[in-house]
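For reference, the structure discussed in these notes is given below.
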Amino acid sequence: MSIQSRPQEDLQQNRAEGEIVNDFSIQVATVNGSGSQSSNNILMRAIFQMGVPISGKNLFPSNIAGLPTWFTIRASKDGYAGRKKEIDALIAMNPQTAREDVETLQESRVVIYDEKLNLSQIRDDLIYYPVPFSDLAGQIIKDVRLRRLIANIIYVGSAAELFGIEMAEVESVIAKWFKTKQKAIDLNIQAAHLGAQYVRENHTKSDCFRIERMEKTQGKIIIDGNSACALGSVFAGATVLTWYPITPSSSVAETMADYMGRYRMDPETGKATFAIVQAEDELAAIGMAIGAGWAGARSMTTTSGPGISLMSEFVGLAYFTEIPVVIFDIQRVGPSTGLPTRTSQGDVAALFYLSHGDTKHVVLFPASMKECFDLSIQAFDLSERLQQPVFVASDLDLGMNTWMSDPFDYPERPLDRGKVLTAEDLERLGGFARYKDVDGDAIPYRTLPGTDHPAAGYFTRGSGHNEEARYSERPEDYLTLMDRLAKKYETAKKFVPEPIVQFSNGAEVGIITYGTTDAAMEECQEQLRQEQGVDINYLRIRALPFTHHLHEFVSRCQRVYVVEQNRDGQMGDLIRLEVGNEEGKIRKVLHYSGLPIDARSITDQVMEYEKGSAQGNHDDSHT
Amino acid sequence: MSIQSRPQEDLQQNRAEGEIVNDFSIQVATVNGSGSQSSNNILMRAIFQMGVPISGKNLFPSNIAGLPTWFTIRASKDGYAGRKKEIDALIAMNPQTAREDVETLQESRVVIYDEKLNLSQIRDDLIYYPVPFSDLAGQIIKDVRLRRLIANIIYVGSAAELFGIEMAEVESVIAKWFKTKQKAIDLNIQAAHLGAQYVRENHTKSDCFRIERMEKTQGKIIIDGNSACALGSVFAGATVLTWYPITPSSSVAETMADYMGRYRMDPETGKATFAIVQAEDELAAIGMAIGAGWAGARSMTTTSGPGISLMSEFVGLAYFTEIPVVIFDIQRVGPSTGLPTRTSQGDVAALFYLSHGDTKHVVLFPASMKECFDLSIQAFDLSERLQQPVFVASDLDLGMNTWMSDPFDYPERPLDRGKVLTAEDLERLGGFARYKDVDGDAIPYRTLPGTDHPAAGYFTRGSGHNEEARYSERPEDYLTLMDRLAKKYETAKKFVPEPIVQFSNGAEVGIITYGTTDAAMEECQEQLRQEQGVDINYLRIRALPFTHHLHEFVSRCQRVYVVEQNRDGQMGDLIRLEVGNEEGKIRKVLHYSGLPIDARSITDQVMEYEKGSAQGNHDDSHT
Amino acid sequence: MRKGALKVIMTIRTPKPKKVNRAGLTISDYKGSPSTLCSGCGHDAISSQITKAFYEMGVKPHQVAKMSGIGCSSKTPAYFLGSSHGFNGVHGRMPSLATGALLGNRDLICIGLSGDGDTASIGLGQFCHLLRRNIPMIYVIENNGVYGLTKGQFSATADIGSKQKSGVINDLPPIDCCTLAIEMGCSYVARSFAGDPKQLVALLQGALSHSGTAMLDVISPCVTFNNQESSTKSYKWAKEHEELLHQIDFVPYFEPIETVEYAEGVMREVEMHDGSHIRLRKLNQDYDPMNKNSALSMLRETRDSGEFLTGLIYVNPVAKNFLDLLDLSETPLAVLAQEKVRPGPEVLEEAMRELM
Amino acid sequence: MRKGALKVIMTIRTPKPKKVNRAGLTISDYKGSPSTLCSGCGHDAISSQITKAFYEMGVKPHQVAKMSGIGCSSKTPAYFLGSSHGFNGVHGRMPSLATGALLGNRDLICIGLSGDGDTASIGLGQFCHLLRRNIPMIYVIENNGVYGLTKGQFSATADIGSKQKSGVINDLPPIDCCTLAIEMGCSYVARSFAGDPKQLVALLQGALSHSGTAMLDVISPCVTFNNQESSTKSYKWAKEHEELLHQIDFVPYFEPIETVEYAEGVMREVEMHDGSHIRLRKLNQDYDPMNKNSALSMLRETRDSGEFLTGLIYVNPVAKNFLDLLDLSETPLAVLAQEKVRPGPEVLEEAMRELM
Ligand SMILES: Cc1ncc(C[n+]2csc(CCOP(=O)(O)OP(=O)(O)O)c2C)c(N)n1
Ligand SMILES: Cc1ncc(C[n+]2csc(CCOP(=O)(O)OP(=O)(O)O)c2C)c(N)n1
Ligand code: SF4
Ligand code: SF4
Ligand SMILES: [Mg+2]
Ligand SMILES: [Mg+2]
């Protein structure tokens, strides 16, 4: 299979005097479990070390070994990190997909491939560089299994040679990658050279793509969103993580376990200042997290769609009993099991309304590596401040793909543990009412179990209760409680991260996004400006509930496009509820194929609308 | 505690020359488990047999015995069945609540009470009829436990005497109630007479409430909504019921078990034509129901809020794999455990969006006993026709309270088993593609397991699949599938029950309700007309998705009030998404104390808005 | 006779009724709000014994966390230790809440109350996984063989062949929570009866001295829905069929152990984690509750012979509990200071360098 | 030697390889789509034996319902009996789907495929309740002690002390699915090994002849995440430690039973529900799989001694299954005609009269 239908971009167009420098994509087509991950990373990092901004997207199947996988490296002098629809250079290593992979390329693109596949007959409008990878591998290693691995690093060498990636950088990356394994280092470097040498001796470069040293990556880091969330949680002082494995969220917990083991053992006692428990399922995972939050720990769980559904009942309990807990939803393609290894933003409505009865939840939407780190930290503060569950809605593209980023800043603000009464406080106050709105912000005070004061204890229950936390079926008590919870949601608006807003003079069109969709926007704005002469105002949502900024933004635009990666335009609906939708002002631009959204798709859909011709799949049933 | 704050209705106002006939409410305040249920029913049915329309609402605690319970009988010559806010006659049997019960009455109302409680000092603006219930009971029975039961029937006699309920009717109801238990019949009749006699000899009637024979109940039945849903399911040909006990839904399953045992044993074989299984929890209950639906049975499950949350993951599976299953949600007050014995319409959003990812569900909203029967039947047809889960959203008020109704009509249409291919069909067609939109209505064809044809088998999976039901991660397959499911939801609009619409000439105000809220509307319309001179247009939603009627209705009204029993105005939001909300045209009238909504509360809130002064709890954050 | 015999023993055991206990508190400090259960409900009897056991052991109420699911049984935490924190969660999922609470604060003395439906029907999975983890808490099943709060449906411990008021008959075998608990690795497994207060108090005190999960399967009749004589969960049946495995004396660590002379094999003494002693006095045969296999056989035999065996069926006083295995800091995680849980800037820098 | 011995027996058993079976179908009619599992995965070996067993028994593919949860193991139903209906549901909840499918159509021959995580971790509750109900189906646990599909985390059957690639160590005891199954009332309990095709086929055929739940706990190595020698779920360990409880001959009901002479106590014969016979030939000691208690003791002993016992551990060929108990109409509920399921107008009138 191939991962895309043949897109329409004319190469000539963006070619500056015959050459395209630091602005193209290389896709390696291989099978999973074949060990190509490291070579792909080495290739990507070598470009990175030449100062050229990169991003890497791994498109893998939902199985363990033997099925087609595509790793796409995008080099972008402008630092565009979103998916680039068109592939400029294909490294075809997978017989199963080679033909289709080649067929879907656009003309005059590059194909580096294993000679045996002989692909050159398929089309004559491409530039082919056949390389006998396995034979070359055979020259330096006998073991057949290893030979496969070595072939991978050989294509790195060939590509480096072709695109002008300095071999010195390749070598240094290899050295870093294999750390202390000197034998591996030598072998891989040897193989890389072999690949380069072969190309040098047997091919003359006839394509237009080149990497040239620049200065845009100094001091940058390369990381994935799940690791960034894990780091954020470590520095948020999270103490209890209870989770159940599910793609694409597992690596949040697993990476966190590593970091915790390194950074969170008490130096004095050598004991753990955290507990990580793999629960028997998601009901138990969220139950444990809520129990820990109730006891006063900074607790969290990590999951994806199906887990969110299973957590519904417990999340309602936490909302109603006002217990802090942070829930990471690394979204994948739903409904049901859906496409576990594809990305989407399809859980927005589920998260906002999660659980039966009148519930509304706080959800944060990180859009970058920095935000994965920062908002993870803020999520814990918010959750303890507001005494309610807080969701961090990431997705597979953000969470499992590799992104370039500035290093993270150390948090300035100390931990906000919220309104907790100590024994001393109780002594002073002579008691407390667990669910009373003392401060007028609808946030009550709580005590932690174990607080050594006769007035500390109270009874938490998911059934009706009054301000003293006593059981009550009285209509007036229930109204008081539910109205306070509604008011607390208003209070939340003061604490959640504000949207990022950007106005351009005289722009009529507004675009709203959230989360990873933002990665395509810088490029999209450029396309709209360059190709269409359209300037836009831009707002990026970072949290539910919405803040007043949204109203202002919408009122300052003639037409607002909400761009998101799900079928129903879930955020678009929430925005319409919040600000209304006078004469169809709020329009939906949707992308839900499971592939990360790309600038081109957004630009095209926006322009379709703008030309008053919105039609087809992505037409919007509400307008 | 008392169940309401003191309402403001001036008795004089609705008093026709000094007397109020067949238009008042009697509330019996007692404790649960004290056996007052039967006497309350006898009192209510005696009035019913006098031709006077009645409705009975039981307000009971979430425990088994010993806590305050209020049973309210409303006699209404106009047949108003909604809750009447003000209590006209109190029968005070519960020392725990007597004082507060009396304090919350309005002036010149009636109090019949156990002499020992001596309540007459509390206020002097009420009419008191003390009766020594236990002493009287002691006269006819020694056993202390039985004496308590007998005291209950004694107050029935006293009330009958006071309000002019014919003793002959009381006797015939008692006879019916205790069926063949002659001893019980005699004892109860004796006790009733004793109660009547005591009042005759010791009190002179000084209140204005009277029951007078009329002709409005002939041929009517008395039933609760859960029994009506159970009967509907029996006649819908439901074959598999898998459930887990939860208030207020349990009696759907339990009543259905009775009916099935009587009406659905195969006369020829004596075997069951149905299976009823009490599962270990709601995940298993819905799982079994889906498995049965997949196998081709008409399957159903019954639950309430917490169960709905637990069913989330499985419901997403059924939506995505297109398996019919009917889910009854007898709504109670949520979130979480909430108030298990109070009523609400709080699950609308949860049901509509249930499960992660892009999902939208079909939900039916019965508003009467007849509709509980009819829509239950239609739910199964819809579910098999559309091949997706269908929810029947009832609630505690509808489901567990007693309502008067016309008898149910026998279904005209035969069962619609939807698009199922037999071995013969397959032979003719030479095969099929499980998920292909052959007819252009987005509804595919299915085969049942066990179909004796080599082409019958297909593989059902919650993961991505193509039209042939094969595993697929291809973006284009996923888009095709999700777009078809969206289109199928459009198709559903052709099949779901249309709303009930009623226009009055020149009316500017429109009111929209659904489910039990309708019970208060006839009375509310009368109040608006009589007291405010306001005529309204009325639309009652009977299903999600909405049909075109909603758009037409809204466009023909200046201002539309969506009246519902939850905090967030969940249906109101769905309506706003559907038709927009130009200058705050769609307004929310909310009631969420856990008590059934009453006409007065609606009338007052609507008028508040109309006078441009909507404020307070029920203010609407969206306008 | 038995009761007589018991009394004697109790006098040895029970610390002379004092006005206040070691914590300086009176018995009423261990009471809760008035029960809203049916009068005569077995659950209320259990609440009283919990009150008594915690009082006699001088447990500090503020250290206690009372956890429960949903059901009549799960309401009981409101009816004892009123000044302790309590958490009445969702149906069948108390084990995960309790586990989390103890992860958050390892110092809590945790007691979970559940019903047979809450534990053996909806909660079976979480129950088993809690036992596998040997979470340090007392887990009481108030076992009446029915769903009380929802008015009498069968639970997974209902007698096979038993009949509901509605006439429905149960044809599934009951789950034996004690056997299951032992198989799942529970380190303190006891069965008792709401109608046998003395034994129950002793077993609860033993449980309080235990460092892992202490599971008590307590037959607790539902007088409203399942107290007919035929029910193995009825007062009458349980009274008539109760077979004591042994007589139990509990000697708390803070009491002097008077050495009493016993004939060979008449008494076994189990030293608990906290130094308390459980003394088991032979009745019919000498029974070793530290032997898992004989415990399982004993359970099978008595089950087959329809006896209602009560007592301390299995105990392993030294099994490591889950918190030990996690090697958690002594200070409860919930109250660790910021310095302990937020690494310094240099750590973040190190992490960043590695990613460059 | 063992293998040798087995071969002999097999020749007695296996119906001479024919081109087509009783259903007139060839072995390839029982194949499915090509596997996408790792080459060498134990699960694929099991799929082959299922294909073989169903072929040899002449099962009609259209009567079969293949059910599964989520996991590498749960993908396997796609890799055999390609023309049968299959249902790959949600994680850990296959038991309820299978139960429902059989309620809807009692004629289905149902086989469920699950993993140790799917069954013993997330699915433990539903698994136990399925067994209690004795649902008539084959339930295969492809037990590799890890979560394969999510890349190697521990399941509830992971060896205590075993180490993940990440270095994390498991300190919880593994659940023994066979013991649990017997305790929960399962009526056919077997343990086998993906590397012992002959035994597995025989056990699957016996399962096909059984009228209640037949649970097969099959050790099925995960070559990618848990095949290191130290793992009790690895090929090497299993091969080296496998202890056959007996040698199994299966004689399907449609084959003549040649009476072979055996010395006293050398062979046991179990007659199955459908008239097939399972012949168990003594190896070390004579073992009676119809005795629950000895089955449980045997499991405990071998577990303690670290042996890997395989064979038919317990069977009760006459236990009533859930559908029998429900007294369902012979015609599957799914295909009952309208006349059977919608009572006439007179019935509704009667119901209405009662409510007046
Ligand atoms: C998710 C969920 N399902 C169902 C219920 C309804 N419910 C409340 S208590 C209960 C069973 C209680 O039985 P048991 O645990 O034995 O307690 P008992 O009342 O007998 O003491 C049920 C089914 C619920 N509250 N939540
Ligand atoms: C509700 C839910 N939680 C988590 C997952 C992720 N998940 C998929 S398979 C699996 C475990 C599979 O382990 P096992 O059942 O042993 O099967 P194996 O892959 O080892 O054969 C998990 C946790 C999921 N699909 N659904
Ligand atoms: S219903 Fe049964 S369990 Fe519940 S309180 Fe009453 S007696 Fe106890
Ligand atoms: S990961 Fe393990 S279980 Fe999964 S397919 Fe590979 S070998 Fe089999
Ligand atoms: Mg119970
Ligand atoms: Mg596994």
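Each chain gets a letter, A, B and so on, in the order its sequence line appears, and its residues count up from 1. These numbers were taken from a predicted model, which means no experiment stands behind them.
- Only the side chain of A/Y471 comes within less than 4.5 Å of a heavy atom in chain B; its backbone stays farther off.
- Between the side chain of A/N32 and the backbone N or O of A/N63 there is at least one donor-acceptor pair closer than 3.5 Å.
- Below 30°, between 30° and 60°, or above 60°: for B/Y319 and B/H361 the angle between ring planes is above 60°, a perpendicular geometry.
- Ranked by non-hydrogen atom pairs under 4.5 Å with chain B, the options A/A350, A/S312, A/S344 are led by A/S312.
- Both the backbone and the side chain of A/A486 come within contact range of chain B, judged by heavy atoms closer than 4.5 Å.
- In this model, no donor atom of one side chain and acceptor atom of the other lie less than 3.5 Å apart for A/N466 and A/E476.
- Proximity to chain A (any heavy atom under 4.5 Å) is shown, for B/L485, by both the backbone and the side chain.
- Annotation: maximal heavy-atom pairing with chain B below 4.5 Å, among A/G307, A/A318, A/S593, occurs at A/S593.
- With a 4.5 angstrom heavy-atom cutoff, A/E583 touches chain B only via backbone atoms.
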Handout entry: Worked verdict on B/D573 versus B/L577 for side-chain contact (heavy atoms from CB on, under 4.5 Å)
Key = CA-CA 6 Å; B/D573 279 350; B/L577 283 176; 5.8 Å; no

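- The candidate from B/G580, B/P340, B/G594, B/G346 with the greatest count of non-hydrogen atom pairs under 4.5 Å with chain A is B/G346.
- Neither the backbone nor the side chain of B/Y489 comes within less than 4.5 Å of any heavy atom of chain A.
- Comparing B/M311, B/H465, B/M482 by how many heavy-atom pairs each has under 4.5 Å with chain A, the most go to B/M482.
- For B/Q345, no part lies under 4.5 angstrom from a heavy atom of chain A.
- Residues B/F546 and B/H551 place their aromatic rings such that the two centres sit no closer than 6.0 Å.
- Listed options B/G305, B/P335, B/S304 were ranked by heavy-atom pairs under 4.5 angstrom with chain A; first place goes to B/P335.
- Between B/H356 and A/S309, the closest heavy-atom pair is ND1-OG, 2.8 Å.
- Listed options B/S472, B/S336, B/G316, B/P61 were ranked by heavy-atom pairs under 4.5 angstrom with chain A; first place goes to B/S336.
- Looking at A/Q570, only its side chain comes within 4.5 Å of chain B, counting heavy atoms on both sides.
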